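Quantities reported herein were computed from a predicted structural model and do not represent experimental measurements. So you know, we letter chains A, B, ... as the sequences are listed, proteins then strands, and number each from 1.
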Amino acid sequence: MFRVTDRPLDLQELVDFVTDPEAGAVTTFIGTTRNNNEGRKVIALEYEAYPEMAEKELIRLGEEAKRRWPICRMAIAHRIGPVQITQPSVMIAVSAAHREAAFAACRFAIEEIKRIVPIWKKEVFEGGEVWIGTQSGEPLAPGKRP
Amino acid sequence: MFRVTDRPLDLQELVDFVTDPEAGAVTTFIGTTRNNNEGRKVIALEYEAYPEMAEKELIRLGEEAKRRWPICRMAIAHRIGPVQITQPSVMIAVSAAHREAAFAACRFAIEEIKRIVPIWKKEVFEGGEVWIGTQSGEPLAPGKRP
Amino acid sequence: MKVKVKLFAILRERVGAGDLTLDIEDGSTVADLWRRLQQTYPKLNVPGIRLLYAVNQNYVSPNEVLKDMDEVVFVPPVSGGEACFA
Amino acid sequence: MKVKVKLFAILRERVGAGDLTLDIEDGSTVADLWRRLQQTYPKLNVPGIRLLYAVNQNYVSPNEVLKDMDEVVFVPPVSGGEACFA
């Protein structure tokens, strides 16, 4: 289950999706809007996606995780639009026979989402707003996937 | 929230408990009964606790996690009694400003639970039952906590 | 030939539109198209921004040669980074 | 003096009881009590088992000297390990 949606996210739905009789471990990650960032008082975050490509990239990173670790199932849901303080913007659930793989694949998924999945985040704070992004990343090598 | 209970566990309750406006990340771990172990066909797991001491040890490991990592809140619930295939026996939720601490503290919590919290697991499998435990651990050094 | 350009996030806001259709010369690369867009919309020059490039929903190098009716996206930094006030 | 012993898991099953109250000599250690119990209940000799020791819900060394009405638990391996068929 790899989904980009403008509706609130439901953790139990993801956990139910990855439930598997072969699994002894489920890990989840939830990204939430926190009330401060780099000294700014945050009001909300607003997410924008290139939805068709974002879902393809989520599927691709799920396949890559299955190649790297012995996991059972993975589910990712990312919300777009405004996300208020304490509310979830992204949820990941991973099941595996053993916890090592479940932790590693869950961590991999959130790092990849933040590295490569075309979803952008605008921070609305007291006094202004700003698109979050790095100015110092490596440029894309010609012909390489980032 | 550190709880040992004979009732089914509720992940959302733990996540709600750790929700914090200062948190940008929540990690959870769920331990579930899987249908096989070391070649045996598992029917169910049965957990038994020394409940008063188990809750004290859970509180203690939560305090230790807060000393080691900048986390906001932690919740742990462990079920006792029979736990069927796919059902959760233990749930951990950790919130933190940043995901690194949330992942590290969640992993620490489950490792500590399996190392030191007085809760025992009997595996009921096709053809018998067995208490799960190691025969090859280090003996406890005199005067040291394990 | 024609290509479709989709703009997102800071680039969409600066142009004031999310979808463009452009006539370009045969043999144009992704980088050629980006230079052309920057001339038409000088506000797309965000100092220091690191872009990735996608054609038909796959990441490509800036040297990728475009085909008729390709869907091209210039991908600003995704959500993992630090604030970019540029 | 008297001490309370709680038995759990494999030890409880082997003795057939979870709570015992025993009279022991002043100055007895946790290890002394364990030897005494093994004499009374030979089935407590689980080959190769690694025990931890808790008094009043805190882990202690086997050399801990007991006090009147202490609650003593011999802690078999907890749930993280491999199967112990002994």
Chain D: which of B:Pro118, B:Gly31, B:Ala54, B:Ser89 shares the most heavy-atom pairs with it under 4.5 Å?
B:Pro118
Closest contact, heavy atoms only, D:Gln57 versus B:Lys56
OE1-CD, 3.4 Å
Would you check if the side chain of B:Trp120 reaches a backbone N or O of D:Phe8 as a donor-acceptor pair within less than 3.5 Å?
no
Cut-off 4.5 Å, heavy atoms of chain D, and the answer for B:Ala49 is backbone
Take a 6.0 Å sphere around CZ of D:Arg12 and say whether it holds more than 12 heavy atoms from other residues, nucleotides or ligands.
yes
Given 3.5 Å as the limit, does a donor-acceptor pair link the side chain of D:Tyr59 with the main chain of B:Ile116, or not?
yes
What residue, out of B:Glu111, B:Met53, B:Glu52, B:Glu46, has the most heavy-atom pairs lying under 4.5 Å from chain D?
B:Met53
Tell me, side chain or backbone of B:Glu48 under 4.5 Å from chain D's heavy atoms, or both, or neither?
side chain
Can you tell me which portion of D:Glu64 sits under 4.5 Å from chain B's heavy atoms? Options are side chain, backbone, both or neither.
neither
Of the non-hydrogen atoms in D:Val78 and B:Ile113, which two are nearest, and what is the gap between them?
CG2-O, 4.2 Å
Go through the steps to decide whether D:Asn58 and B:Arg60 satisfy the test side chain to side chain contact (heavy atoms under 4.5 Å, CB included), and finish with yes or no.
CA-CA 11 Å; D:Asn58 288 299; B:Arg60 185 146 32 188; 3.1 Å; yes
State the CG-CH2 distance between D:Leu11 and B:Trp131, to the nearest 0.5 angstrom.
9.5 Å
